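Worksheet: one structure, shown below.
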Protein chains: 2
Amino acid sequence: MLEVKPQPESAPDRSGPQTGVSIAEAARRTGVSMHTLRYYERAGLVVTPVDRTTGGRRRYQQLDLDWITVCTRLRATGMPIKTIRRYAQLVSAGYGNEQERLALLEAHRADVAARLAEIRENLTLIDHKIDVYRGRLAAGDADRLWAPVRRAQGYSD
Amino acid sequence: MLEVKPQPESAPDRSGPQTGVSIAEAARRTGVSMHTLRYYERAGLVVTPVDRTTGGRRRYQQLDLDWITVCTRLRATGMPIKTIRRYAQLVSAGYGNEQERLALLEAHRADVAARLAEIRENLTLIDHKIDVYRGRLAAGDADRLWAPVRRAQGYSD
DNA sequence: TTAGGATTTAGAGCGTGCTCGAAGTCAAGC
DNA sequence: GCTTGACTTCGAGCACGCTCTAAATCCTAA
């Protein structure tokens with residue numbers, strides 16, 4: 001859980017490179033390309049705006065990096081950008097909508113679980129096919145003897 | 001395993017609707033839209049050409065339907081169209097390349113297994129987040145008392 | 001015979017999620 | 001001050017997998 005945007009109590013110093021890291025470093029640390037980091041920002045996948053230097057360069061704080069990591073996890077489990085944006089909006093709205101956030105995450109979890117089950121099921125069927133090929137190859141394709149091709153254009157996948 | 005294209009020993013009768021089903025019926029039976037069935041055909045996801053009536057309408061035999069089902073399984077597990085086409089080509093090339101088919105399927109299986117593992121891992125992390133929200137809601141957000149917001153712009157996802 | 005629904009083709013269009021490019025700005029070292 | 005390279009914006013481009021359209025043709029039922 002990301003708890004607090006760690007800004008100093010006094011006015012935040014956004015003038016220099018003293019605090020936070022560059023977008024290149026953020027990309028390195030999160031494994032997300034610079035292009036994609038900017039795209040995520042444009043797409044509204046932000047909870048608080050990323051700090052900028054006086055010159056307009058982005059400075060990523062640890063909290064920003066943590067949030068990006070959350071985004072990559074949601075993406076990795078197939079959550080669409082739109083839904084992540086919605087979640088980001090809820091989070092940035094502050095306390096009071098935990099119920100809604102929970103509902104969103106639980107719905108997503110159900111989606112993922114369903115997809116996992118479907119993939120597993122289909123994978124099982126593919127595994128059977130693999131087993132048949134293995135057996136066929138191990139037997140030197142002996143099954144042709146007892147399950148011969150009956151038509152010139154026949155095939156067996 | 002689809003074993004044989006079941007055509008009559010004599011010249012196949014492709015004149016009427018007597019044998020096989022229409023594309024609409026094939027769509028209904030496979031759960032794949034007519035548009036997509038035609039798209040798959042154009043994309044080379046065929047092992048033997050689908051029969052046609054004299055008027056040029058497609059007639060799907062059971063074997064065709066079975067192959068389409070195989071395709072949907074491969075798609076459902078994330079195999080790209082290109083790879084399925086490659087597999088289709090191997091199958092349609094007939095006996096003798098089982099080794100290559102097996103390698104293709106095993107590579108796919110490894111891909112799927114890796115993706116499953118990744119999704120599961122990320123889902124676990126999301127589950128933790130869900131648990132925190134559940135606890136927070138159950139406690140009436142009591143954690144604010146002992147983990148209070150320290151900054152006006154702080155947030156917690 | 002004919003009306004109307006089903007099917008055909010090739011190509012265009014679309015939604016998603018990046019990924020790239022161009023032209024301009026910033027900043028660090030010499 | 002100047003050079004060089006990192007960074008900026010924002011629109012275009014791309015890969016994928018469908019999804020739809022239009023105009024023509026086919027087929028069935030009345």
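Keep in mind the model is a prediction, meaning the values are calculated, not measured. Each chain gets a letter, A, B and so on, in the order its sequence line appears, and its residues count up from 1.
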### Query
When every nucleotide of nucleotides 14-26 of chain D is labelled 5' to 3' by its protein contacts under 4.0 Å (heavy atoms), B for base, S for sugar-phosphate only, - for none, what sequence of letters results?
--SBBBBB---BB
### Message
Is the phosphate of C/dT7 approached by B/Arg58 (side-chain N or O, under 4.0 Å from OP1 or OP2)?
### Response
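No, no such contact exists.
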### Task
Look at A/Arg52 and D/dT9 and indicate whether a side-chain polar atom (N or O) is within less than 4.0 Å of OP1 or OP2.
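Yes, because at least one side-chain N or O of A/Arg52 sits under 4.0 Å from OP1 or OP2 of D/dT9.
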### Task
List the atom of A/Ile81, the atom of A/Ala43, and the distance in Å for their closest heavy-atom pair.
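Scanning both residues completely, I find the closest heavy atoms to be CG2-CB, 4.0 Å.
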### Query
Pick from A/Met34, A/Arg28, A/Arg59, A/Arg57: which one makes a side chain to side chain contact (heavy atoms under 4.5 Å, CB included) with A/Ser22?
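The side chain to side chain contact (heavy atoms under 4.5 Å, CB included) with A/Ser22 is passed solely by A/Arg59 among A/Met34, A/Arg28, A/Arg59, A/Arg57.
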### Any donor-acceptor N or O pair under 3.5 Å, side chains A/His108, A/Thr83
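Short answer, no.
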Just the rounded figure in Å: distance from [atom2] of [N] to [atom1] of [X].
X       : N      : atom1 : atom2 : value
A/Arg85 : C/dC18 : CZ    : C1'   : 15 Å
A/Ile23 : C/dT25 : CD1   : P     : 19 Å
B/Glu25 : C/dT7  : CD    : C1'   : 15 Å
A/Met34 : C/dC20 : CE    : C1'   : 12 Å
B/Arg59 : C/dA6  : CZ    : P     : 14 Å

### Query
Do A/Thr72 and A/Thr30 have side-chain heavy atoms sitting under 4.5 Å apart?
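A side-chain contact under 4.5 Å is absent here.
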### Task
Classify the angle between the aromatic ring planes of B/Tyr87 and B/Trp67 as parallel (below 30°), tilted (30 to 60°) or perpendicular (above 60°).
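Judged by the thresholds at 30° and 60°, the geometry between B/Tyr87 and B/Trp67 is parallel.
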### Message
What's B/Ala24 touching, base or sugar-phosphate or nothing? Going by heavy atoms closer than 4.0 Å.
### Response
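B/Ala24: backbone/sugar contact only, no base atoms under 4.0 Å.
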### Message
So, using side chain to side chain donor-acceptor pair (under 3.5 Å) as the criterion, who are the partners of A/Arg85 when residues are at least two apart?
### Response
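So A/Arg85 forms no side chain to side chain donor-acceptor pair (under 3.5 Å) with any residue.
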